[in-house]
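Inspection log for the structure reproduced underneath, given as structure tokens.
Position 1 is the first residue of the sequence; numbering continues from there.
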Amino acid sequence: MKNIGNLKTVLVVDDNHDVLSLLVELLELKKFQVIGTANNGKEAVALYEKLHPDITFLDVIMPEADGIYALSMIRKINPEAVVVMVTTDLSQDTADQIEDLRANAVIYKPFDIDNLVQTVREIESGMHYTIRYTD
């Protein structure tokens, strides 16, 4: 298992190109190394298996295969994977699924980069499940 105290390589998954680009740019500004991007859950799982990133940012609502599917498959590949869900879905059903699959954190769009980085720092310090709401 990787040292959770130094999460630096990142996989970013979102079907919205603008959100994906923004998230990649903001993470790189904060000195994270984005080693891969994907646009749906199937691509996310394939890239996770190939790249083994320290942390994965995963959109929930995507075509072909959603983020819940991807999180489920990533957990099968690596039960200790660090995954942050990024979503606009505020439903209780989705929240329950994310919690059951042990996402490390949930960030609601529109996100703030400082909140996003704070969430990563909390994960690095050993907090296992946090929910970050943004204004």
Side-chain angles (χ1 to χ4, degrees):
M1 183 172 87
K2 293 181 180 183
N3 178 2
I4 200 165
N6 190 21
L7 302 173
K8 286 297 181 186
T9 61
V10 178
L11 171 61
V12 181
V13 184
D14 200 301
D15 63 313
N16 181 313
H17 179 72
D18 293 335
V19 172
L20 182 68
S21 295
L22 176 64
L23 192 50
V24 167
E25 184 177 330
L26 293 173
L27 287 165
E28 287 176 342
L29 284 172
K30 294 294 183 175
K31 307 298 183 212
F32 291 91
Q33 180 187 2
V34 178
I35 58 173
T37 62
N39 299 112
N40 65 58
K42 287 183 180 179
E43 291 176 7
V45 173
L47 279 178
Y48 182 86
E49 198 163 29
K50 178 181 176 185
L51 301 173
H52 303 285
D54 293 325
I55 187 166
T56 300
F57 289 90
L58 189 57
D59 187 18
V60 171
I61 302 170
M62 294 182 290
E64 290 188 52
D66 65 14
I68 301 296
Y69 164 83
L71 177 57
S72 166
M73 297 306 291
I74 288 169
R75 284 280 171 252
K76 288 179 182 176
I77 296 165
N78 178 4
E80 301 303 318
V82 178
V83 181
V84 175
M85 304 303 285
V86 183
T87 187
T88 57
D89 186 345
L90 300 175
S91 73
Q92 187 61 48
D93 182 52
T94 298
D96 291 345
Q97 289 179 57
I98 289 170
E99 188 170 0
D100 288 346
L101 290 168
R102 299 179 304 107
N104 296 83
V106 181
I107 298 174
Y108 290 95
K109 297 176 187 177
F111 54 83
D112 174 273
I113 187 59
D114 293 327
N115 286 340
L116 186 137
V117 171
Q118 178 62 31
T119 298
V120 173
R121 299 297 177 239
E122 289 172 2
I123 293 168
E124 287 177 329
S125 70
M127 296 178 76
H128 295 291
Y129 187 83
T130 59
I131 298 179
R132 175 76 58 201
Y133 294 94
T134 57
D135 300 337

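Under the 3.5 Å distance criterion, the side-chain polar atoms of Asn104 are matched with a main-chain donor or acceptor of Val83. In this structure, the side chain of Ser21 engages the main chain of His17 through a donor-acceptor pair within 3.5 Å. A donor-acceptor pair under 3.5 Å is absent between the side-chain atoms of Asn40 and the main chain of Glu64, judged by distance alone. Here the side chain of Arg75 pairs no donor or acceptor atom with the backbone of Ala70 at under 3.5 angstrom. Distance alone, capped at 3.5 Å, places no donor-acceptor pair between the Gln118 side chain and the Asp114 backbone.
The shortest side-chain heavy-atom distance between Val13 and Asn39 does not fall under the 4.5 Å cut-off. Proximity of Leu101 to Ile68: side-chain heavy atoms (C-beta onward) are separated by under 4.5 Å at one or more points. Contact of the Asp54 side chain with the Val82 side chain is not registered, since no non-hydrogen atoms from C-beta on lie closer than 4.5 Å. Between Val106 and Thr87, the closest side-chain pair of non-hydrogen atoms falls below 4.5 Å. Pro53 has its side chain out of reach of Val10: every pair of non-hydrogen atoms, C-beta onward, lies at least 4.5 Å apart. In this structure the side chain of Val60 never reaches within 4.5 angstrom of the side chain of Val86, judged on heavy atoms.
Summarising the geometry, atom CG belonging to Asn16 is positioned 11.0 Å from atom CG belonging to Leu23; distances are rounded to the nearest 0.5 Å. Interatomic distance, His52 NE2 to Ile35 CD1, rounded to the nearest 0.5 Å: 9.5 Å. If you take CZ on Arg102 and OG on Ser72, they are separated by 11.0 Å, rounding to the nearest 0.5 Å. Between the CG atom of Leu47 and the OG1 atom of Thr37 there is a distance of 7.5 Å, given to the nearest 0.5 Å. One distance of note links CG of Leu26 with NZ of Lys30; it measures 8.5 Å at 0.5 Å rounding. Leu11 contributes atom CG, which lies 11.5 Å from atom NZ of Lys50 (distance to the nearest 0.5 angstrom).
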Exercise. Just do the side-chain contact (heavy atoms from CB on, under 4.5 Å) check on Val12 and Leu27 with the steps written out, would you?
Key: CA-CA 10 Å; Val12 181; Leu27 287 165; 3.7 Å; yes

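Each of Thr56, Ile107, Leu58, Asp59 was scored for a side chain to side chain contact (heavy atoms under 4.5 Å, CB included) with Met85, with one residue passing: Leu58. Exactly one of Asp93, Asp100, Thr94 qualifies for a side chain to side chain donor-acceptor pair (under 3.5 Å) with Gln97. That residue is Asp93.
Nearest heavy atom pair, residue Ile77 against residue Val45, reads CD1-CG1, 3.9 Å.
With 3.5 Å as the limit, one finds no donor-acceptor pair spanning the side chains of Tyr108 and Asp89.
A salt bridge links Lys109 with Asp14: the distance from a Lys NZ or Arg NE/NH1/NH2 to an Asp or Glu carboxylate oxygen falls below 4.0 Å.
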